[in-house]
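Before any comments, here is the structure.
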Amino acid sequence: MPQLIQNGALNTAALPVPDLYVQIAQPETLLISGVSSALLGFIGTASWGPVDTPTIIGSVVQFRQIFAGKRAWSSNLNIAVDVAVHQGASQFCLVRVTDGNDVAAHATLGAAQLKARYTGTAGNALTVSVMSQSFRDGQFVLTVAHAELGTTTYGGANWTALQDALAADNQALIRIDLTGDATIAEAGSVQLSGGEDGAEPASDRFIGVAETKTGLHALTSQGCSVAALAGIGDTSAMIPMVAFGRDEAVYMIAAGPKGETVAEAVRSKAALGIETHALKYMHGDWLWWNDDALGLRLVSPALFAAGKLAALSPEQSGLNKALAGIVGSQKNGLDGTRFGYTLAELGALIENGIDVICNPSPGGQYWALRSGHNTSQRVAVQSDAYTRLTNYLARSLEGTLGQYVGSVINDTLFGNIRASILGFLSALLSQGILGENGGRLPYAVVCDSTNNPLQRVATGYVQADVQVQYQGINEKFIINLQGGASVSVSTASGSV
């Protein structure tokens with residue numbers, strides 16, 4: 001009887017019965033899908049929501065349903081998301097941190113002890129009511145309401161039933177603990193109170209601990225392309241940020257403290273010894289932002305830079321890209337065009353691997369990043385584009401090619417590996433992420449017997465050598481102008 005068998009499930013070396021065997025084979029060449037280059041990670045504070053837990057959101061509205069509204073802390077996640085959204089960012093992975101003194105709001109209603117699901121002052125706005133159902137004797141409706149977090153209802157005959165209904169809802173805003181008889185004696189309503197945020201955490205709390213995946217380390221393996229600590233201007237945090245950025249292939253954006261002078265920034269960077277493509281140091285000239293809820297306030301420049309970079313394709317630099325919503329800076333005051341930086345000040349910052357947001361920019365009277373550099377002072381790797389595109393390529397290859405591990409090593413495997421990588425790079429070329437230069441392909445892949453000799457293959461090693469030429473960034477545009485009545489102009493055909 002003919003048999004249909006998935007490829008690999010049939011031992012063709014031991015077929016005792018004459019028959020027709022049809023093996024269904026999957027394509028051998030893997031297609032490499034590029035990872036997201038737009039996911040922006042923020043570590044910050046909030047008045048509601050899970051602590052040290054990475055949470056994916058896609059809008060300000062969704063944020064407020066999970067983390068509630070804004071509060072006047074520099075590290076507030078809501079402000080960070082709002083700023084980044086104005087720069088074009090649309091995908092976020094957020095981690096809330098606290099100082100450990102945060103408390104959940106609570107109240108008592110009959111025999112039930114009510115407790116907010118999360119800590120924070122937002123829980124103090126929760127209202128809980130119990131009403132009997134007029135059309136069903138002995139049945140009650142529990143309503144939990146919050147102006148920002150929404151309203152939900154639950155039904156049950158007693159407190160135990162309502163407790164179970166809340167426990168079964170992973171999005172429930174409160175939990176119930178019973179202290180006595182489960183019978184609901186009468187209807188009632190109560191507002192929770194006692195919720196506290198604690199104090200604004202120290203910078204080491206934002207970094208967290210790698211072993212327990214807290215703080216910044218909660219972003220491990222989350223796929224973020226860019227990340228920043230919301231509202232933190234502590235340069236000592238940059239050292240662990242560099243380590244995390246290197247390990248996770250994430251472009252870390254940091255800022256100096258409020259009011260940092262040019263000389264202080266240069267000294268701080270030199271003292272830290274930071275010179276790496278993994279970190280971008282934003283000069284501590286904090287920016288004035290007119291918040292829709294909190295009014296005029298100073299915001300870390302790292303939030304603007306991170307938001308803009310996450311919105312750009314990975315081959316792009318942040319240099320000279322207009323930033324939205326800035327009404328001034330500490331150096332300029334609230335008159336965005338009054339002062340600005342001198343060429344000497346800009347030179348001192350840029351030569352030392354420090355970027356700055358200022359106005360005017362090379363393209364006109366608008367706020368923008370002035371160098372588009374990371375902290376490296378090596379010309380070949382100092383551009384934002386180098387960091388982001390290198391991380392993008394590495395993470396895309398990592399995400400797919402591991403499936404070839406365990407395959408038999410032969411020319412077929414070499415060809416499949418080459419085809420997978422070349423197909424991926426060809427797609428990047430068609431998207432404009434890579435570009436031809438002089439009509440030559442900007443990439444090459446070698447994976448054959450030339451770089452995989454028998455002695456090495458025999459020990460289980462396979463090597464693929466991949467070269468990719470990036471597109472340069474126009475940083476210094478020179479126009480040679482010769483003018484005057486005595487100038488002799490030679491017009492080429494088609495130039496007019």
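Note that this is a predicted model, so its numbers are computed, not measured. One is the number of the first residue; the rest follow in order along the sequence.
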How long is the straight-line distance from [atom2] of [Y] back to [atom1] of [X], given to the nearest 0.5 Å?
X: I174; Y: D169; atom1: CD1; atom2: CG; value: 10.5 Å
X: I232; Y: L216; atom1: CD1; atom2: CG; value: 11.5 Å
X: L319; Y: S371; atom1: CG; atom2: OG; value: 7.0 Å
X: S300; Y: I253; atom1: OG; atom2: CD1; value: 10.5 Å
X: M252; Y: M241; atom1: CE; atom2: CE; value: 3.5 Å
X: C447; Y: D465; atom1: SG; atom2: CG; value: 8.0 Å

Taking the side chain from [X] and the backbone from [Y], do they hold a donor-acceptor pair closer than 3.5 Å?
X: K269; Y: I274; result: yes
X: E260; Y: G284; result: yes
X: N101; Y: A199; result: no
X: N374; Y: L279; result: no
X: Q330; Y: W286; result: yes
X: D355; Y: L369; result: no
X: Q469; Y: Y443; result: no
X: S361; Y: G364; result: no
X: T375; Y: G353; result: no
X: N452; Y: Q463; result: yes

Can you give me the closest heavy-atom contact between [X] and [Y], atom names plus distance?
X: T121; Y: G195; answer: CG2-O, 3.6 Å
X: F414; Y: D448; answer: CD1-CA, 3.8 Å
X: V242; Y: A278; answer: O-CB, 4.2 Å
X: V95; Y: P54; answer: CG2-CA, 3.9 Å
X: V381; Y: S376; answer: CG2-OG, 3.3 Å
X: L126; Y: A116; answer: CD1-CB, 4.0 Å

Do [X] and [Y] have side-chain atoms, one donor and one acceptor, less than 3.5 Å apart?
X: T119; Y: D102; answer: yes
X: E200; Y: S75; answer: yes
X: T45; Y: N76; answer: no
X: R96; Y: T53; answer: no

Pair F244-T220, side chain to side chain contact (heavy atoms under 4.5 Å, CB included): steps then yes or no:
CA-CA 8 Å; F244 182 84; T220 300; 3.6 Å; yes
Of the options Q316, K321, H373, K280, which is the one that meets D384 in a side-chain hydrogen bond (donor to acceptor under 3.5 Å, both in side chains)?
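Filter result, single survivor: K280.
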Six-ring centre of Y461, R456 cation under 6.0 angstrom, axis tolerance 45°
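Yes.
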S313 vs Q431, test: side chain to side chain contact (heavy atoms under 4.5 Å, CB included). Steps then yes/no.
CA-CA 10 Å; S313 186; Q431 296 168 38; over 6 Å; no
Ion pair present between K70 and D291, side-chain N to carboxylate O less than 4.0 angstrom?
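Yes, K70 and D291 are salt-bridged.
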Does the pair K213/D52 count as a salt bridge with the N-to-O cut at 4.0 Å?
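Answer for the salt bridge query: no.
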Under 4.5 Å between any side-chain heavy atoms of [X] and [Y], yes or no?
X: E248; Y: N391; value: no
X: S383; Y: H277; value: no
X: S225; Y: Y251; value: no
X: R205; Y: T214; value: yes
X: R388; Y: V226; value: yes
X: L94; Y: I57; value: yes
X: L287; Y: L298; value: no
X: I79; Y: L294; value: yes

Is it the case that the ring center of W48 lies less than 6.0 angstrom away from the ring center of F67?
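Distance test on ring centres: not under 6.0 Å, no.
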From CA spacing to verdict: side chain to side chain donor-acceptor pair (under 3.5 Å), Y366, N320:
CA-CA 9 Å; Y366 55 84; N320 201 30; 2.7 Å; yes
Could you please spell out the steps behind the side chain to side chain donor-acceptor pair (under 3.5 Å) verdict for S203 and D234?
CA-CA 7 Å; S203 59; D234 184 354; 2.6 Å; yes
Should E345 and H283 be marked as a side chain to side chain contact (heavy atoms under 4.5 Å, CB included) after you check the CA-CA gap, both sets of side-chain angles, and the distance that decides it?
CA-CA 11 Å; E345 290 174 318; H283 177 44; over 6 Å; no
According to the interplanar angle, ranging from 0 to 90°, do the rings of Y470 and Y386 count as parallel (below 30°), tilted (30 to 60°) or perpendicular (above 60°)?
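It falls in the tilted class, 30° to 60°.
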Let's go through H86 and W289 carefully: what are the C-alpha distance in whole Å and the side-chain angles of both, what is the deciding distance for side chain to side chain contact (heavy atoms under 4.5 Å, CB included) to 0.1 Å, and is it a yes or a no?
CA-CA 11 Å; H86 278 75; W289 163 265; 3.5 Å; yes
